[in-house]
Visitor: 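Below is the structure I would like to discuss, written out as structure tokens.
Note that the structure is predicted; figures quoted are calculated from it, not measured.
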Amino acid sequence: MNLFKLKEHNTNVKTEFTAGFTTFLTMMYIVPVNGFILADAGLPMDAVVTATALITILATLFSGLWANTPIAMSVGMGLNAYFSYGLVLGMKIPWETALGIVFLSGLLFVILSFTNFRVWIMTSIPMNLRRAISAGIGTFIAFIGLKQMGMIAASDATFVKLGDFSQPTVLLGVLGLVLSFVFYAYRLKGAFVFSIAITSLVAWMSGISPFPTNYLSAPASIAPIAFKLDIISALSLSLLPVIITFLITDMFDTLGTLTGIGARADMFQNGTKEDKSLQKTLEADAIATSAGSLLGVSTTTAFIESASGVEEGGRTGLTAVFTAMFFVCTLFMLPLFKAIPSNAIYPVLVVVGVLMFTELGKINFEKVDLATSAGAFFIVILMPLTFSITNGIAAGFLVYTIIKLTKREFSDLNIGILTITLISLLVFILQG
């Protein structure tokens with residue numbers, strides 16, 4: 001175990017094993033959830049479930065061995081929803097082209113992760129706008145979750161309205177939502193897994209959904225989605241803003257996750273030898289995103305659920321290795337995953353959305369200037385209203401830059417912000 005330097009990190013194999021299992025338990029939900037989300041985009045669920053499990057195993061194992069950190073990786077919530085509902089269903093982009101977009105954004109991330117670009121982008125873009133992006137994605141995926149659950153519905157008069165709560169499936173979604181919030185509020189390890197399990201049992205026992213006929217099977221083939229990405233179609237000027245959106249969002253998501261976990265475990269501290277682990281974890285994340293698109297899934301990223309393993313004492317890559325080993329089990333659970341009713345799954349999107357939205361509370365709107373508050377507002381409000389993360393980011397940065405230019409506060413405008421603003425302008429020009 002010298003590879004992981006357990007003694008230097010004041011840990012041992014037993015602690016790392018427990019931490020790895022804890023991380024697995026808290027993020028196991030991603031396999032069936034991602035299966036449902038990408039299936040809505042037309043990808044076969046059987047293949048997606050296998051591909052999700054595979055990329056989780058491979059990315060987490062690579063992260064543990066390459067970076068020696070307790071960071072688990074899988075398909076990111078938020079961008080998977082944008083992949084299905086924003087790109088494929090909203091913009092009518094074929095899922096093969098959408099996978100090409102994911103691959104290109106990952107490739108750019110790989111190149112940039114070996115440079116000081118991460119430092120430049122983090123210092124270029126105001127922290128409050130980065131927080132607004134996280135909150136905006138939260139509103140976006142929560143809106144999708146509520147819509148898929150039937151708790152809100154389309155309306156010709158008011159655009160949206162409350163759904164029909166007399167429907168058993170809607171009530172089932174409400175139960176799943178309540179359980180998710182309650183379990184998470186009590187910091188129950190595996191809160192989402194337990195809420196999905198209990199809601200599914202209620203659905204099966206009440207006859208809303210049929211009981212699973214089998215529980216285990218051999219893994220489904222990923223042939224229908226593996227290496228089906230269309231990179232040539234993704235290499236379009238009109239899709240450049242979308243590629244940049246995936247790149248920036250993945251980067252912010254990863255850096256935010258690692259910053260939060262690092263604060264708890266005294267890792268990723270700039271100026272120390274531990275800073276190399278941050279660089280290597282970013283490299284692992286970037287490589288995993290490109291690899292995931294080859295297997296047929298959307299953007300792969302570091303999971304905040306890794307914090308649960310850190311809380312259990314996990315400090316090295318051995319934690320991630322154990323987590324990857326536990327995820328092998330999910331390769332054989334397809335019949336059980338397919339029997340889960342959709343309204344046991346979609347409440348998870350709402351809760352994750354709420355957790356991401358809390359980033360907005362870190363913006364002190366009484367002290368920030370108009371440019372920041374207006375930019376943050378448009379980022380948060382337009383993501384769900386236009387069903388597009390790209391539109392929200394573009395509008396926010398345009399508003400921010402225009403107000404700064406109008407007030408002649410040129411010192412607040414750097415090359416990074418101006419570059420993103422120009423790309424944002426391109427978003428609306430190409431849409432027009």
Side-chain angles (χ1 to χ4, degrees), residues 37 40-41 76-93 98 101 125 128-163 173 177 238-239 241-246 248-249 252-253 298 346-361 363 365 368 370-403 420-421 423-432:
I37 292 175
D40 286 341
M77 294 289 289
L79 284 179
N80 59 354
Y82 184 39
F83 179 99
S84 289
Y85 307 107
L87 300 189
V88 179
L89 298 179
M91 297 175 64
K92 308 301 180 185
I93 295 175
I101 290 171
I125 299 176
N128 287 329
L129 292 186
R130 285 159 42 200
R131 288 168 172 161
I133 290 173
S134 178
I137 295 173
T139 62
F140 175 67
I141 65 174
F143 181 71
I144 289 171
L146 293 170
K147 176 180 178 295
Q148 295 298 112
M149 288 162 58
M151 290 184 67
I152 57 175
S155 168
D156 293 334
T158 60
F159 301 112
V160 292
K161 63 179 181 180
L162 277 178
L177 190 59
S238 63
L239 294 178
V242 179
I243 295 172
I244 299 300
T245 295
F246 271 81
I248 292 176
T249 304
F252 285 172
D253 190 15
S298 55
Y346 289 119
V348 174
L349 269 71
V350 180
V351 180
V352 172
V354 171
L355 298 176
M356 296 181 71
F357 185 77
T358 57
E359 282 293 306
L360 200 64
I363 303 176
F365 283 98
V368 298
L370 178 63
T372 301
S373 58
F377 171 81
F378 278 99
I379 288 173
V380 172
I381 201 70
L382 286 186
M383 283 190 192
L385 291 185
T386 66
F387 237 58
S388 171
I389 295 174
T390 303
N391 288 343
I393 293 175
F397 275 89
L398 279 170
V399 168
Y400 178 86
T401 301
I402 289 171
I403 294 177
I420 295 177
T421 300
I423 295 173
S424 299
L425 188 61
L426 187 64
V427 170
F428 295 107
I429 290 175
L430 293 174
Q431 287 186 15

Visitor: To check you understand the geometry: which heavy-atom pair defines the closest contact between Phe83 and Ala98, and what is its length?
Guide: CE1-CB, 3.3 Å
Visitor: Measure the shortest side-chain to side-chain distance between Ile133 and Ile137 over non-hydrogen atoms and say whether it is less than 4.5 angstrom.
Guide: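 A side-chain contact exists here, since the closest heavy-atom pair is under 4.5 Å.
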Visitor: Write down the atom of Ile389, the atom of Gly78, and the distance for their closest heavy-atom approach.
Guide: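 Reported closest heavy-atom pair: CD1-O, 4.2 Å.
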Visitor: Start with the C-alpha gap between Phe397 and Ile423, add the side-chain angles, then the distance that decides, and say whether side-chain contact (heavy atoms from CB on, under 4.5 Å) holds.
Guide: CA-CA 10 Å; Phe397 275 89; Ile423 295 173; over 6 Å; no
Visitor: How far does CG of Asp40 sit from CG of Leu89, to the nearest 0.5 angstrom?
Guide: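 Nearest 0.5 Å value for the CG-CG distance: 7.0 Å.
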Visitor: If you measure from CD on Glu359 to OG on Ser134, what distance do you get to the nearest 0.5 Å?
Guide: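 Atom-to-atom, Glu359:CD and Ser134:OG are 4.5 Å apart.
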Visitor: Has Ser388 got a side-chain atom pairing as donor or acceptor with Asn391's backbone, closer than 3.5 angstrom?
Guide: yes
Visitor: Measure across Ala142 and Gly353 and return the closest heavy-atom pair with its distance rounded to 0.1 Å.
Guide: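 Residues Ala142 and Gly353, closest heavy atoms: CB-CA, 4.3 Å.
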Visitor: Quick one: pull up CE in Met149 and CG in Leu177 and give me the separation to the nearest 0.5 Å.
Guide: 5.0 Å
Visitor: Flag the pair Phe377 / Val399 as yes when at least one side-chain heavy-atom distance between them is below 4.5 Å, and no otherwise.
Guide: no
Visitor: So, do Ser298 and Leu79 sit near enough that their side-chain heavy atoms are less than 4.5 Å apart?
Guide: no
Visitor: Once rounded to the nearest 0.5 Å, what's the spacing between atom OG1 of Thr249 and atom CD1 of Ile244?
Guide: 10.5 Å
Visitor: Take a 6.0 Å sphere around CZ of Phe387 and say whether it holds more than 12 heavy atoms from other residues, nucleotides or ligands.
Guide: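 More than 12 heavy atoms, drawn from other residues, nucleotides or ligands, come within 6.0 Å of this atom.
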Visitor: With a 4.5 Å heavy-atom cut-off, do Phe143 and Leu385 have their side chains touching?
Guide: no
Visitor: On a heavy-atom basis, which atom in Ile363 and which in Asn128 lie closest, and how many Å separate them?
Guide: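 For Ile363 and Asn128, the tightest heavy-atom pair comes out as CD1-O, 3.3 Å.
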Visitor: Determine the minimum heavy-atom distance between Ala394 and Phe428, stating which atoms define it.
Guide: CB-CE1, 3.7 Å
Visitor: Would you call Met151 and Val350 a side-chain contact if the rule is heavy atoms closer than 4.5 Å?
Guide: no
Visitor: Can you find a heavy atom in the side chain of Thr139 that is under 4.5 Å from one in the side chain of Met356?
Guide: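 Side-chain contact under 4.5 Å: no.
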Visitor: Could you walk me through whether Ile248 and Ile420 satisfy the side-chain contact (heavy atoms from CB on, under 4.5 Å) test, starting with their C-alpha distance in whole Å, then the side-chain angles of each, then the deciding distance to 0.1 Å, before giving a yes or no?
Guide: CA-CA 10 Å; Ile248 292 176; Ile420 295 177; 3.9 Å; yes
Visitor: More than 12 foreign heavy atoms under 6.0 Å from OH of Tyr85: is that the case here?
Guide: yes
Visitor: Do Leu349 and Gln148 come close enough that some side-chain heavy atom pair is under 4.5 Å?
Guide: no
Visitor: What distance separates Ile152 CD1 from Leu162 CG, expressed to the nearest 0.5 Å?
Guide: 9.0 Å
Visitor: Do you know which two heavy atoms are closest between Ala395 and Leu382, and how far apart they sit?
Guide: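 Result for this residue pair: CB-CD1, 3.4 Å.
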Visitor: Between the side chain of Thr358 and the main-chain N/O of Leu355, is any donor-acceptor distance below 3.5 Å?
Guide: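 Indeed, once roles are kept as given, a pair shorter than 3.5 Å links the two residues.
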Visitor: Please verify the inter-ring angle class for Tyr82 with Phe246; under 30° counts as parallel, over 60° as perpendicular, anything in between as tilted.
Guide: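 Judged by the thresholds at 30° and 60°, the geometry between Tyr82 and Phe246 is parallel.
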Visitor: Quick one: are Ile144 and Ile37 in side-chain contact, heavy atoms under 4.5 Å?
Guide: no
